[in-house]
Amino acid sequence: MDAKRLTKARSAFADRNPQSRRQYDEARKYLPGGHTRTVLTHAPFPLTFAAGDHSWLYDVDGHTYIDMLGDYTAGLLGHGDSRVLDAVEAALRTNASVGGIHPAESRLARLMCERFHLDRVRFTNSGSEANLMALTTALQATGRSKVMVFRGGYHGGLLYFASGTAPWNVPYDFIVAPFNDAAQTSVLIAEHGHSLAAVVMEPMLGSGGCIPADAAFAQRVFADAHAVGAVFIADEVMTSRHGRTGMFALLGVKPDIVTFGKYIGGGFSFGAFGGGAELLDQFDTSPESGRTKVLAHAGTFNNNIASMTAGCVVLGEVFTADTAVAHMTRGDEFRRSVSSVLARSGLPVCVSGFGSMMSLHALAKTPRNADDVARRDVALQELLFLGLLERGVYSAARGMMNLSLTLTDDQLAQVLDALQEALAALRDA
Ligand SMILES: Cc1ncc(COP(=O)(O)O)c(C=O)c1O
């Protein structure tokens, strides 16, 4: 796609969104880049939203969008779920939780242990923190220093492996293995086995382009990690929405530690890591434990009443295991429809994903790893994103779409129409 077309599309976007531009220019005076989430950056500037309602978003220029991003999976419930908001409001008004224990914390812990088949769980403020704590758990349990991750993986702001290990990452001794390449990964595990503390893996590269792991790959990595005594950490921060107990279970793997985040907080900040008693009870500081060596895990807001209460409503009432299965099926069906629209366009575009998470790619062939994703036609990718915005569909600049529970069939049909129109406009240009 030619650069002229991109310039034209960007300037049409800027013309349509003068208030967002104003907000952005003002924000940039105080916030480097105009915001605090790098992922939101795109040319010419990101939109500013004034409100949201179920699966609708309203920007400050008065445009209405169908929210197909679902806040990068955190917005599974859509906007303004009254069950969560009422419960949180009541809890904040009545529970003096500052600096103490309250029942919602253990209630949510029980819900999580039962749902995700964990012995124990601990809460954090974000998925990033959950992964850092999971790593600490593994490093301390094994007394080893190395951590295997996968190219294209993302486990938090300081655990970023889009193309190797980022210079701003936490200074662990990382081995970066190729995703969906069992043979190469086995070689690396064997090579570093005696010093390998943990293997950290997403069952589907989320930020890396919604690329599911092959079941055989996931199972082999798990077996190889165990064979050398390393802890297998499953990053299900995005993917625990799939199936009854998260996506690794669907791949036939039972991880040692699982990390969580995003939607479970119902819109409030959330993270958790859980697993077997042997690993997690390193944090048992109770007098009853009789342990001589214990690990500390502090955090002022770890058990904050808003997140704990919201989590109880999310897992206990809204997103039950049955709902999770139905939502996954709905996502699979919608992705098949997207795939047909893309195929009919005659352009080099495809979709990857699993269940209710997916990503559009300006690629002729569905990617299997980060190297494939890096070959995308970046101009076409951006034009498609801008074309969807122009037609009232909000997705991620990098192509990600995540279905929320509030999307109606009618809205999904509108998204398919918008996609078809956007592609036709690009093809005819
Ligand atoms: C797989 C995965 N792990 C961890 C994180 C980090 O979670 P948080 O943004 O809550 O720190 C993310 C966030 O996108 C993620 O996608």
Side-chain angles (χ1 to χ4, degrees), residues 35-41 69-76 112 116 121-138 147-162 165-166 168-170 172 174 176 179 198-213 218 232-242 246-248 251 253 255 257-274 299 301-302 304 306-307 310-311 314 352-359 369-370 373 395-402:
H35 52 83
T36 320
R37 287 176 79 178
T38 301
V39 70
L40 301 179
T41 304
L69 180 55
D71 197 358
Y72 298 86
T73 71
L76 174 64
M112 291 200 62
F116 299 111
V121 68
R122 290 188 71 87
F123 297 116
T124 63
N125 296 285
S126 65
S128 301
E129 240 184 274
N131 281 316
L132 290 170
M133 289 309 303
L135 281 178
T136 293
T137 310
V147 174
M148 175 170 282
V149 293
F150 293 88
R151 192 153 56 248
Y154 178 74
H155 307 289
L158 302 172
L159 294 164
Y160 185 89
F161 305 98
T165 174
W168 56 83
N169 278 346
V170 281
Y172 286 135
F174 292 114
V176 185
F179 192 73
V199 175
V200 191
M201 186 171 153
E202 294 165 84
M204 165 163 67
L205 296 180
S207 302
C210 290
I211 302 173
F232 188 92
I233 300 175
D235 183 340
E236 296 248 33
V237 165
M238 283 184 164
T239 52
S240 71
R241 60 163 55 195
H242 301 311
M247 187 166 168
F248 264 114
L251 297 176
V253 170
I257 300 180
V258 188
T259 59
F260 303 88
K262 306 277 189 193
Y263 74 91
I264 295 176
F268 295 88
S269 59
F270 183 78
F273 63 106
F301 292 111
N302 285 353
N304 78 80
S307 302
V314 172
S352 65
F354 186 91
S356 56
M357 292 171 57
M358 61 205 76
S359 183
N369 55 39
V373 172
S395 60
R398 65 177 182 228
M400 191 186 214
M401 291 183 170
N402 304 294

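Read the numbers this way: they start at 1 and go in the same order the structure lists the ligands and their atoms.
Using modelled atom types, one finds a donor on one side chain and an acceptor on the other under 3.5 Å when comparing N131 with T259.
Atom OG of S359 and atom CE of M204 lie 10.0 Å apart (nearest 0.5 Å). In this structure, the separation between CG on L205 and CZ on F161 is 12.5 Å, given to the nearest 0.5 Å.
Between K262 and L76, the closest side-chain pair of non-hydrogen atoms is not below 4.5 Å. At least one side-chain heavy atom of F116 sits under 4.5 Å from a side-chain heavy atom of S240. Using a 4.5 Å heavy-atom cutoff, the side chains of V199 and I233 are not in contact.
When each atom of ligand 1 is checked for a heavy atom of E202 under 4.0 Å away, the hits are 1 (C). Every atom of ligand 1 with a heavy atom of S126 under 4.0 Å away is listed here by number and element: 10 (O), 11 (O). Counting the atoms of ligand 1 from 1 in the order shown, those under 4.0 Å from a heavy atom of M238 are 14 (O), 16 (O).
Using a 30° and 60° split on the angle between ring planes, W168 and Y160 fall in the tilted class, from 30° to 60°.
Under 4.0 Å from ligand 1, the heavy atoms of N131 that appear belong solely to its side chain. Looking at H155 against ligand 1, only its backbone comes within 4.0 Å, counting heavy atoms. At a 4.0 Å heavy-atom cut-off, ligand 1 touches K262 through the side chain alone.
For G261, the closest heavy-atom approach to ligand 1 does not fall below 4.0 Å. For the ligand labelled ligand 1, residue Y154 lies inside the 4.0 Å heavy-atom shell.
Nearest to atom 10 (O) of ligand 1 by heavy-atom distance, out of G127, G157, G153, P203, is G127.
For ligand 1, one of its N or O atoms has an N or O atom of S128 under 3.5 Å away. When only interatomic distances are considered, the shortest N/O to N/O separation between D235 and ligand 1 falls below 3.5 Å. The distance criterion of under 3.5 Å between nitrogen or oxygen atoms is not met by F270 with respect to ligand 1.
Between Y154 and Y72, the distance from one ring center to the other does not fall under 6.0 angstrom.
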